[in-house]
Amino acid sequence: MNYEVKEIVCDWGIFIDSELYPHMIFNSKSNAEEVKRILELDCQHRRFDESNLDEVNRWN
């Protein structure tokens with residue numbers, strides 16, 4: 001699966017395999033990016049927890 005965060009008018013949407021998911025629209029780009037990251041971790045069968053907080057700091 002390919003996840004992307006793109007601007008939609010004045011909001012931010014998560015596109016999965018180039019398709020906008022209507023329940024994945026956010027006011028904040030940073031919130032959309034965080035949800036995208038969690039989705040990517042889930043795809044890798046990894047859990048979002050303190051062990052991958054270092055990854056967050058590298059991405060910001």
Side-chain angles (χ1 to χ4, degrees):
M1 285 189 185
N2 181 33
Y3 300 98
E4 295 177 272
V5 172
K6 295 182 183 179
E7 190 172 10
I8 305 169
V9 186
C10 60
D11 293 322
W12 297 89
I14 295 180
F15 288 73
I16 301 174
D17 295 330
S18 300
E19 184 178 329
L20 173 63
Y21 274 59
H23 298 291
M24 297 276 190
I25 298 174
F26 301 86
N27 293 325
S28 163
K29 182 179 181 182
S30 60
N31 286 345
E33 292 286 351
E34 187 69 14
V35 170
K36 173 189 169 228
R37 194 171 70 80
I38 291 169
L39 289 169
E40 290 170 339
L41 287 170
D42 189 62
C43 238
Q44 298 168 10
H45 303 284
R46 295 175 59 200
R47 193 171 155 236
F48 175 76
D49 58 22
E50 290 181 22
S51 68
N52 48 31
L53 284 178
D54 287 337
E55 294 176 28
V56 174
N57 294 331
R58 274 184 274 156
W59 292 3
N60 290 328

For Glu33 and Arg37, run salt bridge (charged side-chain N to carboxylate O under 4.0 Å, His left out): C-alpha distance rounded to whole Å, both residues' side-chain angles, the deciding distance at 0.1 Å, then the answer. CA-CA 6 Å; Glu33 292 286 351; Arg37 194 171 70 80; over 6 Å; no
Exercise: identify the closest heavy-atom pair between Phe15 and Lys6: CE1-CB, 3.5 Å
Minimal heavy-atom distance between Ser28 and Trp12, with the atoms involved, is C-CD1, 3.8 Å
Between Phe26 and Ile16, is there a shared hydrophobic cluster once you connect ILVMFWY residues whose side-chain heavy atoms come closer than 4.5 Å? yes
Distance, nearest 0.5 Å, that separates CD of Glu4 from NZ of Lys36: 8.0 Å
If hydrophobic clusters are built by linking Ile, Leu, Val, Met, Phe, Trp and Tyr wherever their side-chain heavy atoms come under 4.5 Å apart, do Val9 and Met24 end up in the same one? no
For the pair Asn2 (side chain) and Asp17 (backbone), establish whether a donor and an acceptor sit closer than 3.5 Å, ignoring hydrogens and angles. no
Verdict with supporting geometry, Leu41 and Arg47, side chain to side chain contact (heavy atoms under 4.5 Å, CB included): CA-CA 6 Å; Leu41 287 170; Arg47 193 171 155 236; over 6 Å; no
Shortest non-hydrogen contact from Ile14 toward Val35: CD1-CG1, 3.5 Å
Out of curiosity, does Tyr21 fall in the hydrophobic cluster containing Leu39 (side-chain heavy atoms, cut-off under 4.5 Å, transitive links)? yes
